[in-house]
Amino acid sequence: MIEFNATFLVAMLSFVVFIMIMNAIFYRPVLNIMRKREEYINSNYNEANSNSEEAQKLDAQRTEKIQQTQNQCRTDIKNIVEEAQNIASKNAQDARAKVKDEIQSRKDSLTRESEALEGALKSGVVTDLASSITSKLLGKDLAVNK
């Protein structure tokens, strides 16, 4: 069986002393290094998470600004196109009115000229006809005054 004698007690005592020496010389510094490394890793992890969240916020802001700018550009382009269409429509209406007025003035001018020519032709034809009739009836050429 197992005997408990002084060797066993000396071995136990030396083991306890060895554990205390190892704890003071090796375990405590290694545990401190491990704790510091864990703190370093945790702080870097937390910093990476906060940077990631900040990057996501900045990306969302950038996306929102891009969307706002695109909407503003669309609105500006729409307004410019409408303004250009209004100007083009107004110019076309002005041109139509100007052409219509010019056509009407030319028609009036041609009508006046036509009436003047008709009057001149009628008076000349009537005079020639009267002269022809008188010459046939009287046998002489008489000048008919207007």
Side-chain angles (χ1 to χ4, degrees), residues 2 8-146:
I2 299 179
F8 179 72
L9 288 176
V10 170
M12 281 288 262
L13 183 62
S14 69
F15 181 73
V16 170
V17 170
F18 174 75
I19 292 294
M20 288 173 65
I21 291 172
M22 286 299 287
N23 191 21
I25 294 174
F26 181 70
Y27 294 133
R28 194 173 298 145
V30 168
L31 289 175
N32 283 339
I33 291 172
M34 288 175 59
R35 183 182 46 81
K36 286 179 184 178
R37 184 166 179 90
E38 186 176 346
E39 287 174 2
Y40 176 75
I41 290 170
N42 287 337
S43 70
N44 284 344
Y45 180 77
N46 292 336
E47 185 178 342
N49 282 340
S50 67
N51 288 341
S52 175
E53 290 173 3
E54 186 177 343
Q56 288 175 351
K57 288 178 185 177
L58 290 174
D59 187 45
Q61 289 175 352
R62 181 188 59 85
T63 304
E64 183 179 337
K65 281 186 179 182
I66 288 172
Q67 187 66 33
Q68 288 175 349
T69 304
Q70 286 176 342
N71 290 338
Q72 182 64 36
C73 288
R74 285 186 189 111
T75 304
D76 290 347
I77 289 171
K78 181 181 175 186
N79 291 338
I80 290 169
V81 167
E82 287 177 358
E83 185 178 330
Q85 287 175 342
N86 291 338
I87 289 171
S89 176
K90 183 180 179 288
N91 289 343
Q93 288 175 350
D94 291 347
R96 282 189 195 113
K98 184 178 178 182
V99 168
K100 187 177 179 181
D101 289 344
E102 185 152 340
I103 288 172
Q104 187 62 39
S105 70
R106 296 251 173 121
K107 278 184 182 179
D108 292 343
S109 173
L110 288 174
T111 303
R112 284 191 300 271
E113 287 178 18
S114 173
E115 288 172 355
L117 288 175
E118 274 182 24
L121 282 175
K122 281 184 183 178
S123 66
V125 168
V126 170
T127 305
D128 288 342
L129 188 59
S131 155
S132 171
I133 289 174
T134 55
S135 68
K136 287 184 181 182
L137 287 176
L138 297 174
K140 298 183 190 178
D141 285 331
L142 295 175
V144 177
N145 294 328
K146 298 179 189 177

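Two residues are said to be in side-chain contact when any heavy atoms from C-beta on lie closer than 4.5 Å; N79 and E82 meet this criterion. Between R74 and N71, some side-chain heavy-atom pair lies under the 4.5 Å cut-off.
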Output a table of donor-acceptor pairs, distance under 3.5 Å, between side-chain atoms of residues 108-117 and any protein atom two or more places apart or on a different chain; print 'none' if there are none.
{"unit_1": "D108", "atom_1": "OD1", "unit_2": "Q104", "atom_2": "NE2", "d": "3.2"}
{"unit_1": "T111", "atom_1": "OG1", "unit_2": "K107", "atom_2": "O", "d": "2.7"}

Donor-acceptor contacts under 3.5 Å from residues 11-37 side chains, at least two apart:
{"unit_1": "S14", "atom_1": "OG", "unit_2": "V10", "atom_2": "O", "d": "3.2"}
{"unit_1": "S14", "atom_1": "OG", "unit_2": "A11", "atom_2": "O", "d": "3.0"}
{"unit_1": "N32", "atom_1": "ND2", "unit_2": "R28", "atom_2": "O", "d": "3.4"}
{"unit_1": "R35", "atom_1": "NH1", "unit_2": "E39", "atom_2": "OE2", "d": "3.3"}

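For the atom pair N42 CG and E47 CD, the distance stands at 12.5 Å (nearest 0.5 Å). For the atom pair CG (N46) and CD1 (I41), the distance works out to 12.0 Å, reported to the nearest 0.5 Å. Rounding to the nearest 0.5 Å places CG of L58 at 10.5 Å from OG1 of T63.
When the options R62, Q61, Q56 are evaluated for a side-chain hydrogen bond (donor to acceptor under 3.5 Å, both in side chains) with D59, the one that passes is R62.
Heavy-atom neighbours of Q67 CD from other residues, nucleotides or ligands within 6.0 Å: above the threshold of 12.
Between the side chains of D76 and Q72, at least one donor N or O sits under 3.5 Å from an acceptor N or O.
The salt bridge (charged side-chain N to carboxylate O under 4.0 Å, His left out) check on E38 picks up nothing, with sequence neighbours excluded.
Under 4.0 Å is where a charged nitrogen must lie from a carboxylate oxygen, and between R106 and E102 at least one such pair does.
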